[in-house]
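Here it is, the structure in full.
None of the values given here were measured: they were computed from a predicted structure. The sequence lines fix the lettering, A, B, ..., with proteins before strands; numbering per chain opens at 1.
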There are 2 protein chains.
Amino acid sequence: MVTLKQLAKELNVSISTVSKALNNSEEIGEETVKRVKELAELYNYKPNKVALSLKQNKTKTIGVIIPDILNHFLAKVLFGIEREAANHGYNIITCISNESLEKEKESLQLLANGSVDGFILCVAQETQMKNEVQHFKSTIKKGLPIVMFDRVAHDVLCDKVIVDDFESTYNATKSLLEEGRKQIAFISNIDDLSVGKLRERGYAKAILENPELKVLALRMGRYDDHQKKIRTFFEENKGIDGVVAADSASGVIAINMAASLGFKVPEDVSVIGFSSKSVSNHSIPRLTTIRQHAKDIGANAAQLLINRLQNNLGEDDVKTKIVKTSLIRSGSTL
Amino acid sequence: MVTLKQLAKELNVSISTVSKALNNSEEIGEETVKRVKELAELYNYKPNKVALSLKQNKTKTIGVIIPDILNHFLAKVLFGIEREAANHGYNIITCISNESLEKEKESLQLLANGSVDGFILCVAQETQMKNEVQHFKSTIKKGLPIVMFDRVAHDVLCDKVIVDDFESTYNATKSLLEEGRKQIAFISNIDDLSVGKLRERGYAKAILENPELKVLALRMGRYDDHQKKIRTFFEENKGIDGVVAADSASGVIAINMAASLGFKVPEDVSVIGFSSKSVSNHSIPRLTTIRQHAKDIGANAAQLLINRLQNNLGEDDVKTKIVKTSLIRSGSTL
DNA sequence: ATGAAAGCGCTAACAA
DNA sequence: TTGTTAGCGCTTTCAT
């Protein structure tokens, strides 16, 4: 890597002259500016990022901590973050907490040593369970702002981007009720997460508004055999004519399983799930989905953070942004 | 962030004493070391990463450039890279090229200014099509090693991690032939990629070893309606009794579509596809898959790079590592 | 118009 | 055993 020093030497001027010339300072003579720029161009000079960071005490880098990159929703949010960040000249350093509180703490610690200007994160499952927030608070106190998305810690004062999980599931369930469905089941493999709970509550609310109906939920563990559980569930609850799925896989599996058990979708059973375009393609008919606009969530989170970094917002002047979902009707509903 | 300077001041010793004490230098008195460490602990002192990077001229950071993070295979490789890197004390900066040559060049440029010690990347589709490699070569010449995985540029001398695509598809096709299948089709939505081409060639080789059989390939564009294309394909080629799918979605869709068209899987049609555990769950029966061990690919790539960085390997002393696939038999084959 | 010098936080050779 | 100093690459204030 060529440095200012080398350019200066070759041009027989001082380092500061070169620096100023490259930064279009008014102080430097036109002729000199030209010579400097030409040589810099020739050598493809780029200012050393690390030196700049040290000098200016900011890195133009955002730390992103996500629990699971194999989760398509989270990957998509990451995509949104990356794009928005890149558009503003920020890089992202990605850490994966693997749903572990320990790893989350560690990543926060590790990057809080000057590597990044702030964080965007989705709280790990273990952290939510244990309701630990101290590490978030102390990071913020160090002057490193945090933006949380999707799964957030309510006790922490910071910017947040969330989905209207409760409302979306409520509305989705209502739309099945409007089709005339009477036995609508709720299927989830994420009932350990705050968003999973919210979704179930939204479903339950819609159901319980009709005194003659009852809730019927299948809660599966992450590592259960989801196909088997869903098949058994269908077999043990014969009259199911509607399904609301809380995660991206369950809806697709429910449709294919229903078909395989001889039900017609959507004539006999309607299915709605949280999913993305590509995954909703994996069932026949295609899954009617609640789109969370993951990219927008990411973009919003990045905007909030960058705005905070560039305008030095106060620690308690925080925003919570709600990104609305859309119901994309497809073949699995009437 | 507390600095050495502040600690030194408070302890009434020099900065270098503090530095040495914290680095367990033999030079410093036991008593002093103790005092220093206690105060550092109290203030939760962490050496500033940026200053260290500048001083030592290395960042302990790896630049990862991937074409598409929504591709499950690539996300999984990223996961493998991150974990292996973290285990060795490296961070990763992730850039997404979006399959664009321009963005790939840009990312390489942007990070080659001291932000990272080296790169792990998967060549963008556009780059492969135009067969551009200059940006890779010049990055390497700058002293920043590159490790390529999956889609690689053969003309660039660097470490590589690849899958035995040709052989895997050849073997998969053979295994269908051994089931007695006579009309085995190949379905792909990635025939624009080097790996897509290799997979088709592996399939074709196995077929053409039997003079009485012919190849039958469905090549779809990325943004085609894959369900529709596959349905039409089945309808126009009545006798298909086996499918080899080159990408992760096509196999799943083929199974579900076959079922929906009234075929029994695997009795009437056997299907094998490249996929991951979670996606193979999306069809009933489950897809028999060629597992690429994406995490291992990532881990291997990270190892190669870190090894090179730490041992200063010569530019032409390069390795190509082939990660073998495994055929995971499931319900979609006999 | 140009240059010298300080300083960001740290390490390490050298001096005391 | 401890401290002084230089230097990593850069910007910027203050001379010249």
Side-chain angles (χ1 to χ4, degrees), chain A residues 1-37 39-40 43-61 89 110-117 142-144, chain B residues 1-37 39-40 43-61 89 110-117 142-144:
Chain A
M1 286 222 9
V2 55
T3 66
L4 286 186
K5 202 183 192 175
Q6 292 163 40
L7 294 180
K9 193 171 163 196
E10 190 146 342
L11 289 162
N12 267 315
V13 293
S14 77
I15 293 176
S16 52
T17 302
V18 179
S19 171
K20 286 170 186 166
L22 290 173
N23 290 305
N24 297 311
S25 161
E26 299 295 308
E27 301 179 14
I28 305 298
E30 215 175 295
E31 172 63 18
T32 315
V33 170
K34 192 157 157 273
R35 282 177 57 221
V36 171
K37 288 201 169 171
L39 196 69
Y43 285 157
N44 192 22
Y45 168 81
K46 293 280 180 305
N48 182 304
K49 184 89 184 305
V50 174
L52 275 180
S53 299
L54 182 60
K55 181 77 190 161
Q56 307 181 335
N57 199 26
K58 56 182 181 183
T59 59
K60 292 274 248 174
T61 302
L110 230 54
L111 296 183
N113 60 3
S115 298
V116 303
D117 296 341
K142 275 184 204 153
L144 289 164
Chain B
M1 286 222 9
V2 54
T3 65
L4 287 185
K5 202 182 192 175
Q6 292 163 40
L7 293 181
K9 193 171 163 196
E10 190 146 339
L11 288 162
N12 267 315
V13 294
S14 78
I15 293 175
S16 56
T17 302
V18 179
S19 169
K20 287 171 187 165
L22 291 173
N23 291 305
N24 297 310
S25 161
E26 300 295 307
E27 301 180 11
I28 305 297
E30 214 176 296
E31 172 63 17
T32 316
V33 170
K34 192 157 156 273
R35 282 177 57 220
V36 171
K37 288 202 170 173
L39 196 70
Y43 285 156
N44 193 23
Y45 168 81
K46 292 281 180 302
N48 182 304
K49 182 89 185 305
V50 175
L52 274 181
S53 298
L54 182 60
K55 180 76 188 162
Q56 308 182 332
N57 198 25
K58 55 182 181 184
T59 58
K60 292 274 247 172
T61 302
L110 231 53
L111 297 183
N113 59 4
S115 297
V116 303
D117 296 340
K142 273 184 206 153
L144 289 164

In whole angstroms, how far is the P atom of dG7(C) from the CG atom of L4(B)?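 My rounded result for the distance is 17 Å.
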
Heavy-atom pair with the smallest gap, counting every atom of M1(A) and K46(A):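 Heavy-atom minimum between the residues: CE-O, 3.9 Å.
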
When we call it a touch if two heavy atoms are under 4.0 Å apart, what does L54(A) touch: a base, just sugar-phosphate, or nothing?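 Base contact.
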
Calculate the interatomic distance between N57(A) atom CG and dC10(D) atom P; express it in whole Å.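 The answer, rounded to whole Å, is 18 Å.
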
What's S19(A) touching, base or sugar-phosphate or nothing? Going by heavy atoms closer than 4.0 Å.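 Base contact.
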
Determine whether any donor atom in the side chain of S16(A) lies under 3.5 Å from an acceptor atom in the base of dT11(D), or the reverse, and answer yes or no.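 Looking at the base of dT11(D), it does not pair with any donor or acceptor on the side chain of S16(A) (distance under 3.5 Å).
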
Nearest heavy-atom neighbours spanning N113(B) and P47(A):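 Shortest heavy-atom contact: CB-O, 3.7 Å.
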
Counting the atoms with a prime plus P, OP1 and OP2 as sugar-phosphate, which does T32(B) contact under 4.0 Å by heavy atoms, base, sugar-phosphate, or nothing?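 The residue T32(B) makes sugar-phosphate contact but no base contact.
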
Kindly say if T17(B) contacts the phosphate of dT2(D), meaning a side-chain N or O under 4.0 Å from OP1 or OP2.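 Indeed not, no polar side-chain atom of T17(B) lies that close.
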
dG3(D) base to K20(B) side chain: any donor-acceptor pair below 3.5 Å?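 Check passes, donor-acceptor contact within cut-off.
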
Hey, does Q6(B) have a side-chain heavy atom less than 4.5 Å from the side chain of T3(B)?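 Yes, close enough: below the 4.5 Å cut-off.
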
Looking at T59(A) and S53(A), what are the two nearest heavy atoms and their distance?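 Shortest heavy-atom separation between T59(A) and S53(A) comes out as CA-OG, 3.7 Å.
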
Nearest to the side chain of S14(B), heavy atoms from C-beta on, is which of dT4(D), dC10(C), dT11(C)?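 Nearest nucleotide to the side chain: dT4(D).
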
Figure out the NZ/C1' separation between K58(B) and dG9(D), and round it to whole Å.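 So the two atoms are 18 Å apart, to the nearest Å.
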
With nearest nucleotides of DNA chain D determined for E27(A) and M1(A) from heavy-atom distances, which residue corresponds to the more 5′ nucleotide?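 By nearest-heavy-atom nucleotide position, the 5'-most residue is M1(A).
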
Is a side-chain donor or acceptor of N23(B) paired with a backbone partner of S25(B) at a separation under 3.5 angstrom?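 Such a contact is absent between N23(B) side chain and S25(B) backbone.
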
CG of N23(A) versus P of dT13(D): gap in Å, rounded?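 The answer, rounded to whole Å, is 12 Å.
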
Please state whether the phosphate of dC10(D), meaning OP1 or OP2, lies under 4.0 angstrom from any side-chain nitrogen or oxygen of Y45(A).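 Checking Y45(A) against dC10(D): at least one side-chain N or O falls below 4.0 Å of OP1 or OP2.
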
dG9(C) base to K55(B) side chain: any donor-acceptor pair below 3.5 Å?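 There is none.
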
Using every non-hydrogen atom in the two residues, find where S115(A) and K49(B) come nearest and quote the distance to one decimal.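 S115(A) and K49(B) have their closest heavy atoms at OG-CG, 3.3 Å.
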
At 4.0 Å (heavy atoms only), tell me whether N48(A) reaches a base, stays on the sugar-phosphate, or touches nothing.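 The answer is sugar-phosphate, as N48(A) gets under 4.0 Å only of primed atoms, P, OP1 or OP2.
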
Nearest whole angstrom, please: distance from the P of dT2(C) to the CG of L22(A).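 Spelled out: CG on L22(A) to P on dT2(C) is 14 Å.
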
At what angle, to 10 degrees, do the two end axes of the helix from dA1(C)-dT16(D) to dA16(C)-dT1(D) meet, given five pairs define each axis?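 End-to-end axis angle for the helix from dA1(C)-dT16(D) to dA16(C)-dT1(D): 60°, rounded to 10°.
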
K60(B) side chain near L52(B) side chain, heavy-atom distance below 4.5 Å: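 K60(B) does not reach L52(B) side chain to side chain.
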
Closest heavy-atom contact between L144(A) and V116(A)?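 Heavy atoms only, the tightest pair is CD2-O, 3.4 Å.
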
How close or far is atom P of dT2(C) from atom CG of L7(A), stated in whole angstroms?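 Nearest whole value for this atom pair: 16 Å.
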
Return whichever of I15(A) or K5(A) has its heavy-atom-nearest nucleotide of DNA chain D closer to the 5' end.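 Closer to the 5' end of DNA chain D: K5(A).
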
Under 4.0 Å, heavy atoms only, any strand: does V13(B) hit a base, just the sugar-phosphate, or nothing?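 Since only primed, P, OP1 and OP2 atoms lie under 4.0 Å of V13(B), the category is sugar-phosphate.
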
Atom-pair distance (NZ on K49(A); P on dT11(D)), nearest Å: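 K49(A) atom NZ is separated from dT11(D) atom P by 14 Å.
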
In whole angstrom, what separates K60(A)'s NZ from dC10(D)'s C1'?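 Going from NZ in K60(A) over to C1' in dC10(D) covers 17 Å.
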
